[in-house]
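Atoms within a ligand are numbered from 1 in the order they appear, just like the ligands themselves.
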Amino acid sequence: MNVIEKARILGASSKWDRCNAVSLSRKSEFRRARFPGIYYSDKSGCVVPIFKVLMSNACSFDCKYCQNSACCSKPKAAFTPEELAELFYRLYKNRLVEGLFLSSAVTCDADLAEERMLEAVRLIREKYRFQGYIHLKILPGISRELLKEACLLADRVSINIEAPSASRLAELSSTKDYKIDLLRRQRWIAKQNLRFGHTTQFVVGAANESDAEILRMLCWQYKKVGLKRAYFSAFKPLKGTPLEHKEETPDERERRLYMADYLLRKYGFPLKEFEQIMVDGNLPKGDPKIHLAMHYFDAPLDINDASYDELLHVPGIGPKSARRIIELREEGKRIRDVKELAALGVVVRRARPFIKIGNSMQSRIGDYL
Ligand code: SF4
């Protein structure tokens, strides 16, 4: 099998590992790049083409949702470290990619599989002198030494915990130990000095877990192991896997979890507020911020008297616009109309039902829903 065929198989196999994906319209700038495995990532507002690929897709583990698992007969392939390093460098030199996201199936032994990825990255860094962005996957159960080296070579690493608890993971895999292979490795990663920190991923719905379980584990991760961010992948039943007949998870659930995660991570909303709007442990359909606002406000909020925290709870107002409103007030100025609010960055259409300016209500919540 030649390197291009391997890239086609191993690029496609990496699609379930999420990164900062960008919208189709922004992708179109890069349509000319048609090489397998090239994905587009959002890095601080810039669209960056990344070579996202697996070293091998032949796994000895038995995760029930995964087509790389030992029980699935999908075509298998593997790069040698030299092949992967040279291919990446060629793509980079031809300006088709600006970074690498490298993962792997656990071929027979986690240390051996990680070592092969590290060998490829060493070549990329040392032989080809590539100083740009590398995201490396930490495989479950690898040794501390290899983990440390991965953190030295990469800008970001990730280890996928997949499920929100040991018992939920046990429903999906008999080969991964949640506490030892995953959480203990995350604790080790937390002690390393990584430029862009570490991330994780959940397969949403595969183990019949609730949103409450996921958000609880997420809060624990941010607090205890310094997680930078999480990705969510709505479960899709894949042909040839033991879960091929299980119902798929709607993409809206994935989107709701992203929105809730953003509010936890960037706005600092407490978990208990989400728990108050949940129905049977799950977020209600629609935008979590609107549900939270409907629960939070008894009456429209006077924009000129509201605290920072109250402002932050209004849909359409984020940390930046909330700060600007408070700063204006500290300068002795008052907001007079919605045009002034819009000029401060408020999305007036979303905010209207929840606010008033002076004695003037902007609209009613009922008009909005
Ligand atoms: S460890 Fe599990 S999820 Fe990862 S490649 Fe192997 S079977 Fe798939």
Side-chain angles (χ1 to χ4, degrees), residues 6-19 37 39 52-79 84 101-118 120 135-143 146-147 150 157-186 189 198-209 214 217 230-244 246 248-249 254:
K6 288 184 185 182
R8 190 177 50 74
I9 295 173
L10 295 167
S13 299
S14 78
K15 91 176 223 197
W16 303 108
D17 258 317
R18 296 293 164 90
C19 59
Y39 291 77
K52 185 150 80 74
V53 73
L54 300 188
M55 199 74 203
S56 159
N57 68 343
C59 200
S60 56
F61 283 20
D62 65 355
C63 308
K64 289 183 185 162
Y65 52 85
C66 179
Q67 282 185 323
N68 301 329
S69 69
C71 43
C72 185
S73 59
K74 276 274 281 185
K76 304 290 193 237
F79 283 116
L84 190 278
F101 182 128
L102 184 59
S103 183
S104 181
V106 184
T107 31
C108 52
D109 170 90
D111 274 350
L112 219 65
E114 189 78 38
E115 177 53 39
R116 286 170 72 77
M117 284 199 285
L118 290 180
H135 180 151
L136 249 183
K137 192 62 68 183
I138 299 294
L139 298 179
I142 64 164
S143 72
L146 289 180
L147 182 141
V157 300
S158 55
I159 183 162
N160 292 352
I161 62 169
E162 320 286 16
S165 65
S167 58
R168 293 294 185 188
L169 186 72
E171 291 176 37
L172 300 175
S173 171
S174 71
T175 36
K176 286 189 220 175
D177 185 306
Y178 197 73
K179 287 193 179 151
I180 297 172
D181 294 342
L182 305 177
L183 300 190
R184 183 179 291 172
R185 267 69 194 166
Q186 285 190 311
I189 294 170
H198 69 112
T199 64
T200 194
Q201 182 170 306
F202 293 87
V203 189
V204 178
N208 304 317
E209 76 295 326
I214 292 179
M217 180 36 111
Y231 294 96
F232 306 100
S233 178
F235 165 76
K236 302 282 174 242
L238 299 179
K239 209 161 172 258
T241 63
L243 296 185
E244 75 171 304
K246 185 176 165 61
E248 76 171 59
T249 302
E254 182 185 302

Can you pull out the closest protein heavy atom to [atom]? Residue, atom name and distance to 0.1 Å, please.
{"atom": "atom 2 (Fe) of ligand 1", "answer": "Cys63 SG, 2.3 Å"}
{"atom": "atom 6 (Fe) of ligand 1", "answer": "Cys59 SG, 2.2 Å"}
{"atom": "atom 3 (S) of ligand 1", "answer": "Tyr65 OH, 3.5 Å"}

Does any part of the side chain of [Y], heavy atoms only, come nearer than 4.5 Å to the side chain of [X], both counted from C-beta?
{"X": "Met117", "Y": "Leu84", "value": "no"}
{"X": "Arg168", "Y": "Asn208", "value": "yes"}
{"X": "Phe235", "Y": "Tyr65", "value": "yes"}

Residue Cys66, metal atom 8 (Fe) of ligand 1, N/O/S under 2.8 Å
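Yes, Cys66 qualifies, because one of its backbone or side-chain N, O or S atoms lies under 2.8 Å.
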
Tell me the closest heavy-atom pair linking Lys76 and Ser69, and the distance in Å.
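Shortest heavy-atom separation between Lys76 and Ser69 comes out as NZ-O, 4.0 Å.
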
Drop me the distance from Ile9's CD1 to Ser14's OG, to the nearest 0.5 angstrom.
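So the gap between those two atoms works out to 12.5 Å.
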
Heavy-atom contact under 4.0 Å between Lys176 and ligand 1?
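A heavy atom of Lys176 does come that close to ligand 1.
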
